[in-house]
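Below: one structure, written as structure tokens.
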There are 4 protein chains.
Amino acid sequence: MSSETDLRRRILDTTRHLLVQDGYASLSMRKIARAIGYSATSIYLYFENKDALFHALIDEGMEQLYDELKTVAAAYSDSPRARLRALCRRYVEFGLENQEYYEIMFLLRPERMERYPADKYRRARRNLDIMASALADGVEQGVMHTDDPRVSASVIWAALHGTVSLQLSRRVDIRIDRDAFIDAAIDQALRGVLPVEVRPQAA
Amino acid sequence: MSSETDLRRRILDTTRHLLVQDGYASLSMRKIARAIGYSATSIYLYFENKDALFHALIDEGMEQLYDELKTVAAAYSDSPRARLRALCRRYVEFGLENQEYYEIMFLLRPERMERYPADKYRRARRNLDIMASALADGVEQGVMHTDDPRVSASVIWAALHGTVSLQLSRRVDIRIDRDAFIDAAIDQALRGVLPVEVRPQAA
Amino acid sequence: MSSETDLRRRILDTTRHLLVQDGYASLSMRKIARAIGYSATSIYLYFENKDALFHALIDEGMEQLYDELKTVAAAYSDSPRARLRALCRRYVEFGLENQEYYEIMFLLRPERMERYPADKYRRARRNLDIMASALADGVEQGVMHTDDPRVSASVIWAALHGTVSLQLSRRVDIRIDRDAFIDAAIDQALRGVLPVEVRPQAA
Amino acid sequence: MSSETDLRRRILDTTRHLLVQDGYASLSMRKIARAIGYSATSIYLYFENKDALFHALIDEGMEQLYDELKTVAAAYSDSPRARLRALCRRYVEFGLENQEYYEIMFLLRPERMERYPADKYRRARRNLDIMASALADGVEQGVMHTDDPRVSASVIWAALHGTVSLQLSRRVDIRIDRDAFIDAAIDQALRGVLPVEVRPQAA
DNA sequence: AATGAATGAGCATTCATTCAT
DNA sequence: GATGAATGAATGCTCATTCAT
């Protein structure tokens, strides 16, 4: 009874693992099968094809990120400003802690994974919506400003994504402290929508 | 003697061309060979293997980006502020214009390309140095400020990289105008180091 | 007891249906199972393996053809000549209407279907007997003539089979009207055993 | 120098052989490779894909049949009647002697071998043209008659094809002498276009 | 300097079949 | 009577690479 779910889970976990270890290009159904100790055919009992397996993984990742962001948002419901900052931090942390998910969620080019149903992207977009909504609240309360909340949310996202992305691919100068880098990146990402603060060093 | 170099050049050029045109995944030695009108075997006379060819290509890409950034830097040698902005713009443009090139340069995980010699990365870092130097000049002239130019340059780079990266993977909401998005992203990337300006929309 | 028979029937009917609809090559146990709404495993409760299912189907086809020919024969019991012509027509129609069925019945090489028991062919031969019998009746009544009814019946059969076969493989010039072709083929097939008639076109 | 041609020939010959031995459905590139003692990959050096290999085989068969029919036609250029009969006989003999070719030439359903370029069929049709031309000559010389030479040629072909086909699949009653059967079949196939002859047994 | 011939390893996927339940 | 889980074998095909010439 639990065995069906078990194997499905093992496939998903192993795939995620192999994905980070060897990359998308070198991943094959056979490799996954070998890693879980089952025949390649068995994978097809749980996933229609390779793409379906990836999509299930992406969905899981999106869902997990969504849950985390939702929790963060709830914890800071009264302060849009604190909420937005916390969301950014959580996003970066999620990426660094879940490299496996993050790569397939945001680094794979979609045209390389054919057959990804368009409506699945809507699910992905919910994560951005949480940020956009913090932004909208902030604007409404007069503590943030933006010409276009949609554009601003995406721009913030881009900065966060670049941060996660460079860290994951280990392309940031190793002499730079990771946390300092992330803090600076988030600060900067938010500076565009927050009012002019007293700039510590500018004094 | 020049013929050896000639063919090597043609291989590199053709590979880059195919890469931009058809993408990384569909690139094969045979395809390259067919495109240059030589046998696949011939490529091995100039490159040890596919990886070596790739690394040579990445090097060239880094070089090309370096050249472009250097040219931009020279054109704005007297104004660090204009220089930095132009560098950012050029970086993004380079990424968008050389999609597949950008991908192998910055998106492929280096440890997955087995034989990529670590020292090649030093070459890659020069690109960041150009930006850091504009930043340093700006600080020196009192038109910019930063606690640590290395960190700030990397943070700016992360924002730019995230921008290019999201665009290339087509993950930005299609209702958002591409150029507006890029402009906003660059504006924001620079806001961290530029002095507080009169915010247009803040009247 | 009747339920066992029921499912067996459904399997046979569905298989025949899929065969006619999608062709021999694309037929699989899983497809059949899906179509009847049972598990693939269930088919093995009623048929030892795929071959056995096939042979049962061929048998049924032979039986069906036999029934049809018998009905035709009965309808023309008093005129051997009309009977023979009607039998020919019915044979060709059967082939064209049951394309895939006809193929497994007459086009598949029996020795390649490993386990096909030789004695099943006796059943197949009854169809030829109906024609041979019409021929014998005709000879007896003095309206047909042949050296050897068995040979003549086979020769007629060969002509009919060739006609069906070429039509099914679409190898007849498309500019030739199908019905005209079939009429001419039957006319000619019978000319060998019918007495010399006034040849219409010889006027 | 001759080795390239050699292997190509061996592939073709072996394929033809396996085709008759095991049938189209069970033929695979690997099986061919194994039979010739080369890797499956090597086959692709000489044939673009499986279909191309089949088509080459079909072409060869058509060409060979064409050559034989042409020779026969030339030998009986002055008597259309003798020519037509000789062509029929040669056609049947070709089929029986070259079972390997015949099956892929005329028994395989074309939709099962996709990608067969339509113009290749023109080549196949030349064989029918030789017969049609004998028929036309006969009509012109007043020794044959037909409403439509194209239809008649196809009808004759159908009868011959049925004869070969039943013989190859061993479906003719074994008690019937093979040569007698073929003679009778040809006699009958021609009776439709030849003038009424003195029927030996009718006397 | 260049190549034609050849290959082993790999790919995603499908299939008929088995077996414990 | 029926099935879910599992698999070994197979399929056509592509690829980077080698090697003798």
Side-chain angles (χ1 to χ4, degrees), chain A residues 1 3-4 6-8 25-34 36-53 114, chain B residues 1 3-8 25-33 36-54, chain C residues 1 3-8 25-33 36-54, chain D residues 1 3-4 6-8 25-34 36-53 114:
Chain A
M1 186 203 205
S3 84
E4 189 212 326
D6 278 1
L7 188 47
R8 202 188 123 94
S26 95
L27 191 73
S28 77
M29 297 301 258
R30 282 161 153 85
K31 220 170 186 171
I32 298 169
R34 217 178 301 131
I36 58 174
Y38 276 75
S39 80
T41 318
S42 294
I43 300 178
Y44 288 88
L45 293 175
Y46 302 95
F47 300 94
E48 206 191 327
N49 52 40
K50 204 186 176 186
D51 277 355
L53 171 52
E114 276 134 47
Chain B
M1 186 205 200
S3 85
E4 189 212 326
T5 309
D6 278 0
L7 188 46
R8 201 187 124 93
S26 94
L27 194 70
S28 78
M29 297 300 258
R30 287 228 286 283
K31 217 172 188 171
I32 298 169
I36 59 174
Y38 277 76
S39 80
T41 322
S42 297
I43 301 178
Y44 288 87
L45 295 173
Y46 301 97
F47 300 94
E48 202 194 330
N49 52 38
K50 206 188 177 187
D51 268 4
L53 170 53
F54 257 68
Chain C
M1 186 204 199
S3 84
E4 189 210 327
T5 310
D6 279 359
L7 188 47
R8 202 188 123 93
S26 94
L27 194 69
S28 79
M29 298 299 257
R30 286 229 285 283
K31 217 172 188 170
I32 297 169
I36 59 175
Y38 277 75
S39 80
T41 323
S42 298
I43 301 178
Y44 289 87
L45 295 174
Y46 301 96
F47 300 94
E48 203 194 328
N49 51 39
K50 205 187 179 187
D51 269 4
L53 170 53
F54 257 69
Chain D
M1 185 202 207
S3 83
E4 187 212 327
D6 278 0
L7 188 47
R8 200 188 125 94
S26 95
L27 192 73
S28 78
M29 298 301 257
R30 280 163 155 85
K31 218 169 186 171
I32 299 168
R34 216 177 301 130
I36 58 175
Y38 277 75
S39 79
T41 317
S42 294
I43 301 178
Y44 289 88
L45 293 175
Y46 302 95
F47 301 93
E48 205 192 326
N49 52 39
K50 203 184 176 188
D51 277 354
L53 171 52
E114 277 134 44

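Residue numbers start from 1 in every chain, and the chains themselves are labelled A, B, ... in the order their sequence lines are given, proteins ahead of strands.
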Could you check if a side-chain atom of C:Leu7 sits within less than 4.5 angstrom of a side-chain atom of C:Leu45, using non-hydrogen atoms only? no

Whole Å only: how far is the CG atom of A:Leu53 from the P atom of E:dA12? 11 Å

For a quick test of reading the model, state the closest non-hydrogen atom pair linking A:Ser42 to A:Tyr46 and the distance between them. O-CD1, 3.4 Å

Got a second to check how far B:Met29's CE is from B:Ser39's OG, nearest 0.5 Å? 10.5 Å

Taking CG from B:Leu7 and P from E:dA1, how many angstroms apart are they, rounded to a whole number? 11 Å

Just need the stems in DNA chain E: three or more back-to-back Watson-Crick or G-U pairs, each with both distances under 3.5 angstrom, sorted by first number. E:2-21 with F:2-21

Could you grab the distance from atom CZ of B:Arg8 to atom CD1 of B:Ile43, nearest 0.5 Å is fine? 12.5 Å

Interatomic distance where CD belongs to D:Glu48 and P belongs to F:dT14 [whole Å]: 8 Å

d(CD1, B:Ile32; C1', F:dA16) in whole Å: 11 Å

Pair of N/O donor and acceptor under 3.5 Å linking E:dA12 base with A:Arg30 side chain: yes

For atom OH of B:Tyr46 and atom P of E:dA1, their distance in whole Å: 6 Å

Atom CZ of D:Arg34 and atom P of E:dG8 are separated, to the nearest Å, by 13 Å

Whole-Å distance, B:Asn49 CG to F:dT18 P, equals 8 Å

N or O in side chain of D:Ser28 less than 4.0 angstrom from F:dT11 OP1/OP2: yes

Side chain proximity check, A:Phe47 to A:Ile32, heavy atoms < 4.5 angstrom: no

Measure CE/B:Met29 against P/E:dT3 and give the value in whole Å, please. 14 Å

Of residues 36-44 of chain C, the positions that come close to DNA chain F - non-hydrogen atoms, cut-off under 4.0 Å: C:Tyr38, C:Ser39, C:Thr41, C:Ser42

With heavy atoms under 4.0 Å as the rule, sort D:Leu27 into base, sugar-phosphate or nothing. sugar-phosphate

Does C:Ser26 offer a backbone N or O that forms a donor-acceptor pair with the side chain of C:Lys31 under 3.5 Å? yes

Shortest non-hydrogen separation from B:Tyr44 to B:Asn49 and the atoms involved: CE2-CA, 4.0 Å

